[in-house]
Structures are given as C-alpha cells and as structure tokens.
Amino acid sequence: GVSPFVMSIIASICYLASAIGSKKQLAIHNHFRNKTLSFLLILILVSIFIVAITGILHINTTATLVIYTIGFACLYAAIGAYNEVKRYLANFAGKKILPKIYATKSIVENLGRVMIGTFGAYLFTLTDTANSMMIIGIMLAIITISVIGYMKPRVGLKPEKKNTHKIQTT
C-alpha cells in the first residue's frame with residue numbers, strides 16, 4: 001500500500017502539471033498551430049498507455065509510483081492546456097450562437113464521460129485496473145485517429161478554400 005502522504009504528493013504534482021499546462025498553452029499553440037488538439041490527444045494517449053503498461057508489468061512499487069506520477073503529470077498537463085484552448089471558442093462565434101456552441105460542447109463532453117465511466121465500471125467487473133485502462137486507451141486511440149483523420153482536411157483552410165455558404169448557414 002501507498003501512504004496517504006505519498007498519494008497527496010502525487011496529486012499535488014499532477015495539479016501543478018495542470019497549472020503548468022494551462023500557463024504554457026499559448027506556447028504549445030504557437031508551436032503546433034492547427035495541430036494543438038492532436039498533440040494534446042496524443043500526449044494523453046501516450047500517458048494512458050505508459051501507465052497501463054506499467055500496471056500490467058507489475059514492476060516494483062517505487063518504479064511504478066515514479067512512472068505513474070510522470071504519466072499522470074503529463075496527462076494533467078495536457079488537460080490543463082486543453083481547458084485553456086476551450087476558452088477560444090468565443091473567438092469563432094457571435095453572441096447569438098455562442099451559448100448553443102457551449103451547450104453542445106458540454107453535452108457532448110458529459111455524454112462522453114458518462115459512456116466512458118459506465119464502460120470503465122463494467123470493465124472493472126471483468127478485469128483489473130491496468131487492463132481496463134489499456135482497453136480504454138485503445139478505444140481512445142481509435143477515436144483519436146478517426147477524429148484527426150476526419151478533421152485533417154477541414155482544419156487550417158486558406159480563406160479562398162473555405163465554403164462561405166456553409167459558414168453563413170450553420
């Protein structure tokens with residue numbers, strides 16, 4: 001078992017990483033431009049897989065704690081940066097459509113959380129945490145690759161290639 005003191009240190013490191021991710025969001029965006037969300041998703045995926053593989057391998061406790069801390073710190077940093085990116089939605093819509101965008105975003109995010117949480121709870125009845133995390137990671141990888149593939153031709157269009165009719169009617 002891990003002491004509550006060690007767990008609180010790990011949690012503190014994760015929250016610090018989230019704050020750093022939020023603070024560095026602009027630098028991340030400037031470096032990756034239209035690929036920022038893809039970068040953050042891939043960072044989350046890699047973190048999930050590293051933590052899951054570490055759990056499956058059953059290495060010694062100290063090494064596991066270090067790897068878990070690094071993996072979850074990367075995960076929290078990506079989430080911190082992502083939370084800042086979401087604020088830019090207001091730049092792309094007027095006052096009339098913005099509440100609809102935020103409402104739709106919230107509904108989709110929360111439905112996703114419910115589905116993943118329900119599926120994760122079901123997985124825990126079948127297998128252990130590490131295997132459950134690996135299965136969720138694989139599913140997230142498939143979804144991520146699909147979304148990146150779908151969005152690749154749609155993100156970063158030059159103004160002359162944008163379909164203005166679609167923009168005005170949506």
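- Using a distance-only test at 3.5 Å, with no hydrogens or angles considered, a donor-acceptor pair links the side chain of T125 to the main chain of Y122.
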- Item | Evaluation steps, side chain to side chain contact (heavy atoms under 4.5 Å, CB included), between F5 and I9 | CA-CA 6 Å; F5 178 74; I9 290 173; 3.2 Å; yes
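- Between T129 atom OG1 and I56 atom CD1 the span is 11.0 Å, to the nearest 0.5 Å.
- Every ring pair (Phe, Tyr, Trp, His ring centres under 6.0 Å) that F39 has, sequence neighbours left out, goes to F32.
- Residue I136 holds its CD1 atom at 11.0 Å from CZ of F49, rounded to the nearest 0.5 Å.
- Of all heavy-atom pairs spanning A17 and A73, the tightest one is CB-O, 3.2 Å.
- Under the 4.5 Å side-chain heavy-atom criterion for ILVMFWY residues, no single connected hydrophobic cluster contains both I10 and Y15.
- Across I53 and M134, no two heavy atoms sit closer than the pair CG1-CE, 3.3 Å.
- Once rounded to the nearest 0.5 Å, the distance linking CD of Q25 with CG of N30 reads 8.5 Å.
- The two residues G80 and S22 come nearest to each other via the heavy atoms O-OG, 3.0 Å.
- Side-chain contact between I59 and I67: present, with at least one pair of heavy atoms (C-beta onward) separated by less than 4.5 Å.
- Put simply, L43 and L140 are part of two different groups of oily side chains (I, L, V, M, F, W, Y) that touch within less than 4.5 Å, one to the next.
- Expressed to the nearest 0.5 Å, how far OH of Y102 lies from CG of L98 amounts to 5.0 Å.
- Of all heavy-atom pairs between A81 and I28, the closest is CB-CD1, 4.0 Å.
- In terms of hydrophobic clustering, with Ile, Leu, Val, Met, Phe, Trp and Tyr side chains grouped at heavy-atom distances under 4.5 Å, L123 and I138 are assigned to different clusters.
- Rounded to the nearest 0.5 Å, atoms CE (M133) and CD1 (I50) are 10.5 Å apart.
- Cluster annotation: I143 is not connected to I145 through the hydrophobic network of ILVMFWY side chains, with a link wherever side-chain heavy atoms come within less than 4.5 Å.
- Two residues are said to be in side-chain contact when any heavy atoms from C-beta on lie closer than 4.5 Å; V147 and Y150 fail this criterion.
- Here I48 contributes atom CD1 and F72 contributes atom CZ; the two are 8.5 Å apart, rounded to the nearest 0.5 Å.
- Under the 4.5 Å side-chain heavy-atom criterion for Ile, Leu, Val, Met, Phe, Trp and Tyr, M139 and M115 are members of distinct hydrophobic clusters.
- Exactly one residue among T54, V2, N60, I70 makes a side chain to side chain contact (heavy atoms under 4.5 Å, CB included) with L65. That residue is V2.
- In this structure, F124 and S132 approach most closely via the heavy-atom pair CD2-OG, 3.5 Å.
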